[in-house]
Amino acid sequence: MGKYPILETVHSPADIRKMDYQTLEKLCGEIREFLVETVSRTGGHLASNLGTVELTLAIHRVFHTPEDTVVWDVGHQSYTHKIITGRREQFSTLRQPGGISGFPKPGESVYDTFTVGHSSTSISSAYAAACANKMQGNGLCSVAVIGDGAFTGGMAYEALNNAGRSKTNLIIILNHNAMSISRNVGAFARYLAVIRSKPSYLRLKERTEKVLDHLPVIGPHMKETLRSSKSLLKFLLYHATFFEELGFAYFGPVDGHDLPALEQTLRRARELHSPAFIHVETTKGKGYEFAEKDPMAYHGVGGFDIETGNPDRPAMDSFSTVFGEKLSQLADQDDKICAITAAMKEGTGLSGFASAHKNRFFDVGIAEQHAVTFAAGLASKGFRPVFAVYSTFLQRAYDQILHDAAIGRLHVVLAVDRAGLVGDDGETHQGIYDVAFLSSIPGVQIFAPASYQELETLLERAVYRETGVIAVRYPRGSQPEGLPEPDSGDGDYRRLGESGKRAAVSYGRTFASLWKASRELEQPPAVYQLRKIYPLPEGLLEELIEFQEIFFFEEAEAVGSISEHLEAALCARGWKGRFEAATLPSAFIPQGRVPDLLAEYGLDQESIRRRLQEE
């Protein structure tokens, strides 16, 4: 027998369906211990996964997976699902290069039914599966598991509105653990708190149905009448919820750590053969004391010591921290500055701003589209809004940037965090597309600081000296080492070194690698650092057109890249020299350590040195 005697017998959901509740309780303990042990080494999302162990087992025991479709929203809470669907032995490779993903991924397993990574998408995809089942007449169920944090996203409500009266075998499970990356906000969070405070709801509903079931002749008819009635009687007996008004049968709140209760509720919902909504309450971090006490620290965690519980916390020395501190300083002197985040207060460095300027800080929840239009609305009233958002999540608000902000030339500052490769979270989180989609919108300007000083300077410039939509993009983590001596940090670009024929150009994090690589060459090229990367400065084009060879190094997707824009602009001016660009491919970049990925794609110092040395 190994360290996990019960878990090691589980190779598929069929194995847990044979177990009694006493064995299952022990299995839950083993899974939690296994999760803590593994994530302490690999990093990952721990608190939410510790909270969904029983829920995951109940789902796989009641539903006939993988024939029944289960979609995990975001996928932060799907680790137990992966473990019991044949990937336990590979779990040590979680989020590692070539290993299993930290999110559901259909290429890994037939049990992973939909690619996820961004929030609020599960109901739409699960509803589509339910409609497909209905059209095929196969009688199968479709299940969406969504957290209360993801429920702040507008797409979830669009899907609810569309699915509620569909008469499909759709079951939505709300995992209510009061957990998102930042504290849940808004009316829905308060509404859940109200429902949570009335656990008598489900008990009253069950008792009423049991009484009616035992009434001869009229009982079943009365029960069906009450189910479909819009009358005051329904409200008095059932305390109708928002979800029932949308057409869902509502069950809950249910204790998410009570396996028998969970299974009973899931079975009842399955038997309805119509849309059902199950409200489950779980404890984030359950079973690991440190995670229960500080779930935020263990949401997305690096490695940590199991005995002491010391997690690798986000570095205080980071672009995000410098951004937040600088914005707060500007706001100290200007009551028109407002900060906006989409459930990422801590991650974007805005905690200090939120404390110091509470009335001008807006956490809109996981609602990037709303955030951009909200910022545009503030700008239209004379305020200076700054929306801090990860590059990968800004993608969701493309139309709002174009339609609601750029067309009206409204002054909105986008602080684009995690720009470039981000590593362990893989394809769904790489911040490598913002350059292409932002540069496609007329009037948008893009700045890319390489140092903390430049970030502070360019942020102030974006707030006060520019107009329209301004994006200031910067990478995750600390500023790179080995940068050249700083200048004012204010110019659109700067030139370092002299060379008659050759120039090398870069921006942001990659500029540091280019600069250090050029210092190792006997005949270094002229090195250009771009700070304003789009639109391209006229002065830059006038200088570069004098060179015979130009090399561009860029941590962004090739199509729509700044190097592509630059080559086209030079050729349009009649330039006939040699242009070489090293960019990221037009492909989805897998998970891996950022230094390793940069080396793989030719953007680390050594690769750049070799590229320039060969020429």
Side-chain angles (χ1 to χ4, degrees), residues 181-183 185 314-365 367-368 370-379 381-391 393-394 397 401 405 410-419 431 434 438 444-479 486 488-490 508 531-532:
I181 296 179
S182 290
R183 182 179 65 85
V185 296
M316 294 303 294
D317 174 29
S318 70
F319 279 98
S320 302
T321 302
V322 171
F323 156 75
E325 291 175 348
K326 178 63 176 180
L327 188 64
S328 191
Q329 290 169 9
L330 294 176
D332 289 342
Q333 309 300 321
D334 185 349
D335 61 8
K336 294 294 185 181
I337 291 178
C338 300
I340 304 167
T341 181
M344 291 285 181
K345 179 177 69 174
E346 288 83 6
T348 57
L350 287 175
S351 295
F353 188 107
S355 298
H357 307 288
K358 189 175 298 184
N359 293 335
R360 288 182 278 139
F361 171 75
F362 302 93
D363 185 342
V364 301
E368 291 83 5
H370 164 58
V372 170
T373 303
F374 179 69
L378 287 175
K381 293 298 182 181
F383 285 87
R384 304 181 193 275
V386 179
F387 174 33
V389 58
Y390 291 5
S391 170
F393 300 134
L394 184 61
I401 299 170
L410 293 169
H411 187 199
V412 172
V413 177
L414 304 173
V416 186
D417 203 326
R418 270 64 166 178
D434 61 272
L438 287 172
V444 172
Q445 298 183 70
I446 312 173
F447 294 88
S451 68
Y452 295 157
Q453 176 197 340
E454 290 176 359
L455 172 57
E456 293 176 330
T457 301
L458 293 174
L459 177 62
E460 186 166 357
R461 174 178 170 180
V463 170
Y464 288 113
R465 289 172 44 199
E466 305 295 341
T467 60
V469 178
I470 316 295
V472 181
R473 67 187 306 271
Y474 43 91
R476 179 180 187 177
S478 305
Q479 73 176 12
S488 67
D490 188 46
R531 294 189 180 114
K532 180 180 180 180

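Basis for what follows: all heavy atoms, side chains included, without hydrogens, waters or symmetry-related copies. As the structure is a prediction and not an experimental result, all values here were calculated from the model. Numbering starts at 1 and runs along the sequence shown.
- Considering CD of E460 and CG of L455, their distance stands at 11.5 Å, rounded to 0.5 Å.
- To the nearest 0.5 Å, the span separating NZ on K326 from CZ on F319 amounts to 15.0 Å.
- Nearest heavy atom pair, residue P385 against residue A375, reads CG-O, 3.2 Å.
- Of all the heavy atoms in G508 and A450, the pair that sits closest is O-CB, 3.4 Å.
- A heavy-atom distance below 4.5 Å is found between the side chains of Y464 and R384.
- Atom CG of L330 is separated from atom CD1 of I337 by 4.5 Å, given to the nearest 0.5 angstrom.
- Contact check for I401 versus V412: no side-chain heavy atoms found under the 4.5 Å cut-off.
- Counting only heavy atoms from C-beta outward, the side chains of L438 and Q445 never approach each other to under 4.5 Å.
- Considering every non-hydrogen atom in both G347 and R418, the closest pair reads O-NH1, 3.0 Å.
- Shown here is R531, whose CZ atom has more than 12 heavy atoms of other residues, nucleotides or ligands within 6.0 Å.
- Here the side chain of H411 pairs a donor or acceptor atom with the backbone of A462 at under 3.5 angstrom.
- The shortest non-hydrogen separation linking A342 to A367 is CB-N, 4.1 Å.
- Each of V413, L410, V444, V372 was checked for a side chain to side chain contact (heavy atoms under 4.5 Å, CB included) with V469, and the lone residue meeting it is V444.
- V364 and A371 make their closest contact through CG2-CB, 3.8 Å (heavy atoms, listed as atom of the first residue, atom of the second, distance).
- Taking the six-membered ring for Trp and thresholds of 30 and 60 degrees, Y390 and F393 have nearly parallel ring planes, at less than 30 degrees apart.
- No side-chain heavy atom of T341 sits less than 4.5 Å from a side-chain heavy atom of F362.
- A ring-centre distance under 6.0 Å is found for F353 and H357.
- The closest side-chain heavy-atom distance from F387 to T348 is not below 4.5 Å.
- Note: R360 CZ to C338 SG = 6.5 Å, rounded to the nearest 0.5 Å.
- Formation of a donor-acceptor pair under 3.5 Å by the E368 side chain with backbone atoms of A397 is not found in this model.
- The side-chain heavy atoms of S320 and E346, taken from C-beta on, include no pair separated by under 4.5 Å.
- The minimum heavy-atom distance between Y452 and G477, with the atom names listed, is OH-O, 4.4 Å.
- Rounded to the nearest 0.5 angstrom, F323 CZ and D417 CG are separated by 8.0 Å.
- Here the CG atom belonging to D332 is positioned 10.0 Å from the CG atom belonging to L327, to the nearest 0.5 angstrom.
- Side-chain contact between L414 and R473 is absent, with no heavy-atom pair separated by less than 4.5 Å.
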